[in-house]
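See below for the structure under consideration.
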Amino acid sequence: MPATQLSTDFHKTMKLDNVNTSLQEEIKLECGVDIELCMECGKCSGGCSNAHIFDFTPRKVVQLVKIGDEETLLKMDALSTCVSCHLCVDRCPSQIDIPRIIDYLREKAHKQGIEPTRKNVQLFNKLMLDYVQKNGRVAETHLMVRFNFKTGQYFKDAEMGRKMFFKGKLKPFPSKVKRIEQVRLLFRDVPARREG
Amino acid sequence: MSVAYFPGCSLHGMASEYDRSARLVCRHLGIELKEIEDWSCCGATAAHSLDHLLAVSLSARNLAIAEQMNLNQVTAPCAGCYNRLKTASYEIRNSEAIAAEVEKIIGAPAPVYSEVTNMVQLIIENVGIEAVAEKVRKPLSNMKVACYYGCLLTRPAKVTGFDDPEQPESLDRLMQSLGLETVNWSHKAECCGGGFAASETSIVVDLGGQVLEAARQAGAEAVVVACPMCQTNLDTRQEAIEKVRGVKYSLPIIYFTQLLGLAFGYSVSQLGLNKLLTSPLTLLKAKGLI
């Protein structure tokens with residue numbers, strides 16, 4: 001979702017009028033993250049690796065949680081582009097775990113079937129977990145090929161792939177877990193959790 | 001000493017030279033690595049982005065197997081795996097509710113005894129810088145490197161409890177003990193783009209490009225890494241980065257274990273130095289190191 005569509009009334013909506021505290025309380029309960037500790041210094045956004053491409057920087061994410069604007073949070077592009085580098089939480093004087101909030105919102109958006117702004121990021125993650133569920137491990141070569149085919153980018157990394165092949169970096173036979181039933185058990189309640 | 005070893009998917013795939021050099025170097029330093037039997041994927045970014053409990057359980061299963069092997073110290077050379085295992089251990093220890101859920105999901109006692117360390121930490125804390133220096137047969141002198149820690153080796157600080165998240169020094173000190181000169185630079189602990197190499201390549205080209213540019217400006221001749229994701233991003237995407245930025249970097253991205261091995265007297269092929277895409281061999285020859 002382009003930032004311009006969401007932020008028409010940006011300054012107005014970020015004001016602390018009509019605050020709905022339910023999301024803030026939910027995040028405190030579910031993630032153990034208390035945004036009341038935020039002192040509004042902005043160091044999270046100053047450190048953020050991807051602030052320059054985010055529609056909502058970490059500081060704004062915290063503010064949106066505070067006013068309870070869940071709709072904006074679940075649709076924002078930052079859910080797709082956060083690299084989980086944890087610079088924000090380490091620079092925060094109150095150690096507010098913003099990456100945990102982002103993951104919580106990602107999971108919630110997915111549960112509600114909200115389309116991510118960058119479908120490829122979610123597709124890649126799902127394909128990767130498919131391999132984990134099937135083999136217990138990820139076969140990088142297979143994952144890359146499958147991802148590029150699924151997204152119709154047949155020749156995207158062909159030149160890089162050729163070089164990696166000659167360096168012996170591509171493995172045709174994936175490494176697998178023997179007691180795979182143990183790993184599949186870990187996935188058994190995942191669909192139920194996704195449906196809430 | 002025996003340590004549970006978690007190689008992770010990358011070290012069984014594209015980063016086999018990291019696996020090989022890590023095993024050689026640890027054996028040389030008297031650390032016995034015992035691979036966690038039938039280990040499974042840590043879940044990486046994919047799991048923690050889609051299901052929190054699944055992410056913790058995937059890592060916990062591996063820690064539980066290590067405990068069954070009577071090994072409480074666990075090491076992972078991949079900074080990504082290290083971070084996931086360490087986070088799982090942290091969550092299990094700090095939340096009884098999570099520990100109880102995990103126990104139910106994995107069908108084994110929650111692994112509360114595991115001590116997870118990354119491999120830089122393992123060597124520094126269990127062998128020590130001086131003991132490493134004593135083992136050097138071929139000092140790696142006259143070469144300037146940028147030690148790149150990336151995000152996951154030190155962050156989040158409250159979970160890793162390792163080094164300084166802004167200006168880490170452990171890897172620098174380890175490399176200095178081999179005779180290398182390490183540069184002071186701005187991007188030691190910035191992000192390379194992590195797991196976005198395939199799905200949003202532009203992010204890796206952007207963030208990885210900033211890392212390479214900072215290393216070049218600091219006068220580094222190579223970048224030293226302790227993570228297969230950092231290595232792959234900076235190495236395999238270097239050509240794309242050069243195209244976008246219009247700068248020829250030609251910076252070899254070398255695993256720290258490969259340099260340790262080289263200083264201990266192991267050969268190029270034993271350490272897999274010939275497997276890196278941006279070849280370090282010209283540089284190493286020019287320095288009289290191979």
Side-chain angles (χ1 to χ4, degrees), chain A residues 31-32 49-50 53 80-81 83-87 89-90 95 97 99 103-104 106-107 110 118 120-126 128-129 131-132 136-141 143-144 147-148 156-157 159-160 163-164 167-171 174-175 177-179 182-183 185-190 193-194, chain B residues 8-10 12-17 38-41 43-55 57-58 61 83 94-95 105-107 150-152 154-159 165-166 189-191 193-201 203 206-207 232 236-237 239-240 274-277:
Chain A
C31 314
S49 296
N50 262 344
I53 63 163
S80 288
T81 52
V83 283
S84 311
C85 69
H86 290 83
L87 260 163
V89 50
D90 269 3
Q95 301 263 289
D97 195 343
D103 276 347
Y104 181 76
R106 281 170 170 161
E107 208 174 310
H110 188 223
R118 308 200 186 205
N120 283 358
V121 174
Q122 195 180 73
L123 174 68
F124 186 83
N125 288 342
K126 282 185 167 179
M128 186 163 170
L129 284 184
Y131 276 108
V132 180
R137 293 177 190 166
V138 178
E140 293 163 320
T141 308
L143 175 60
M144 290 285 277
F147 173 78
N148 284 347
K156 178 168 175 267
D157 296 315
E159 176 54 20
M160 189 182 88
K163 282 188 195 162
M164 294 180 84
K167 290 277 182 183
K169 280 185 167 280
L170 304 185
K171 304 279 188 287
S175 163
V177 168
K178 288 189 207 83
R179 288 165 292 170
Q182 283 188 357
V183 180
L185 269 182
L186 310 183
F187 284 83
R188 94 203 117 169
D189 292 329
V190 170
R193 285 205 291 275
R194 290 221 182 117
Chain B
C9 305
S10 284
H12 269 225
M14 290 180 190
S16 57
E17 64 274 20
D38 213 27
W39 59 269
S40 47
C41 173
T45 306
H48 78 70
S49 304
L50 290 170
D51 195 291
H52 184 64
L53 268 177
L54 174 68
S57 313
L58 279 168
R61 174 183 178 268
N83 201 278
N94 286 283
S95 160
I105 295 172
I106 66 172
C151 320
L152 300 172
T154 60
R155 283 197 299 267
K158 71 167 182 187
V159 172
E166 294 292 338
E190 297 290 318
C191 180
F196 285 86
S199 56
E200 277 293 335
T201 312
I203 290 181
D206 173 12
L207 298 182
T232 306
T236 64
R237 300 294 176 192
E239 208 177 284
N274 50 342
K275 291 178 78 102
L276 308 176
L277 250 56

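Quantities reported herein were computed from a predicted structural model and do not represent experimental measurements. Chain naming here is simple, since letters A, B, ... match the order of the sequence lines and numbering starts at 1 in each.
Contacts of B/Leu58 with chain A are made by both backbone and side-chain atoms, with heavy-atom separations under 4.5 Å. With a 4.5 Å cut-off on non-hydrogen atoms, A/Asn50 touches chain B through its side chain but not through its backbone. The contact between A/Lys169 and chain B is made by backbone and side chain atoms together, counting heavy-atom distances below 4.5 Å. Proximity to chain A involves both the backbone and the side chain of B/Thr236, based on heavy atoms less than 4.5 angstrom apart. With a threshold of 4.5 angstrom between heavy atoms, A/Asp157 approaches chain B through side-chain atoms but not through N, CA, C or O. Contacts of B/Ala55 with chain A are absent, with no heavy-atom separation under 4.5 Å from either backbone or side chain. Both the backbone and the side chain of A/Lys126 come within less than 4.5 Å of a heavy atom in chain B. In this structure, chain B has heavy atoms under 4.5 Å from both the backbone and the side chain of A/Thr81. The part of B/Asn274 that comes within reach of chain A is its backbone (N, CA, C, O), which places non-hydrogen atoms under 4.5 angstrom from that chain. Contacts of A/Val132 with chain B are made by side-chain atoms alone, with heavy-atom separations under 4.5 Å and no backbone atom involved. A/Ser84 touches chain B through backbone and side chain together, each having a heavy atom under 4.5 Å away. Residue B/Leu207 touches chain A through its side chain alone, counting heavy-atom pairs closer than 4.5 Å. Both the backbone and the side chain of B/Ile106 come within contact range of chain A, judged by heavy atoms closer than 4.5 Å.
With chain A as partner, the option from B/His48, B/Lys158, B/Glu239, B/His12 having the largest number of non-hydrogen pairs under 4.5 angstrom is B/His48. Per-residue counts of heavy-atom pairs under 4.5 Å with chain A were compared for B/Leu276, B/Leu152, B/Thr45; the largest is that of B/Leu276. Among the candidates A/Val138, A/Ile53, A/Asn148, the residue making the largest number of heavy-atom pairs closer than 4.5 Å to chain B is A/Val138. Per-residue heavy-atom pair counts under 4.5 Å with chain B were compared for A/Gln122, A/Gln182, A/Gln95, and the maximum is reached by A/Gln182. Per-residue heavy-atom pair counts under 4.5 Å with chain B were compared for A/Lys167, A/Glu159, A/Met164, and the maximum is reached by A/Lys167. Taking chain B as the reference chain and counting heavy-atom pairs below 4.5 Å, the highest number among A/Leu123, A/Asp189, A/Val183, A/Val89 is found for A/Val183. Between chain A and the residues B/Glu17, B/Glu190, B/Arg237, the largest count of heavy-atom pairs under 4.5 Å involves B/Arg237. Top candidate by heavy-atom pairs under 4.5 Å with chain A, chosen from B/Ser16, B/Gly43, B/Ala157, is B/Ala157. Top candidate by heavy-atom pairs under 4.5 Å with chain B, chosen from A/Arg118, A/Met144, A/His110, is A/Arg118. When each of A/Asp97, A/Asn120, A/Leu186 is checked for heavy-atom pairs under 4.5 Å with chain B, A/Leu186 comes out on top.
The two residues A/Leu143 and A/Phe124 make their nearest non-hydrogen contact at CD2-CZ, 3.7 Å. Looking at every heavy atom in both residues, B/Ser40 comes nearest to B/Arg61 through OG-NH1, 2.8 Å. Shortest non-hydrogen contact noted between B/Ser199 and A/Phe147 is CA-CZ, 3.6 Å.
By the 4.5 Å heavy-atom criterion applied to side chains, A/Arg193 and B/Leu50 are not counted as neighbours.
Judged by distance alone, with hydrogens and angles left aside, the side-chain atoms of A/Arg188 form a donor-acceptor pair with the main-chain N or O of A/Leu185 at under 3.5 Å. In this structure, A/Thr141 contributes its side chain and A/Lys171 its backbone to a donor-acceptor pair below 3.5 Å.
Inspection of the A/Glu140 and B/Ser10 side chains reveals an N or O donor paired with an N or O acceptor under 3.5 Å.
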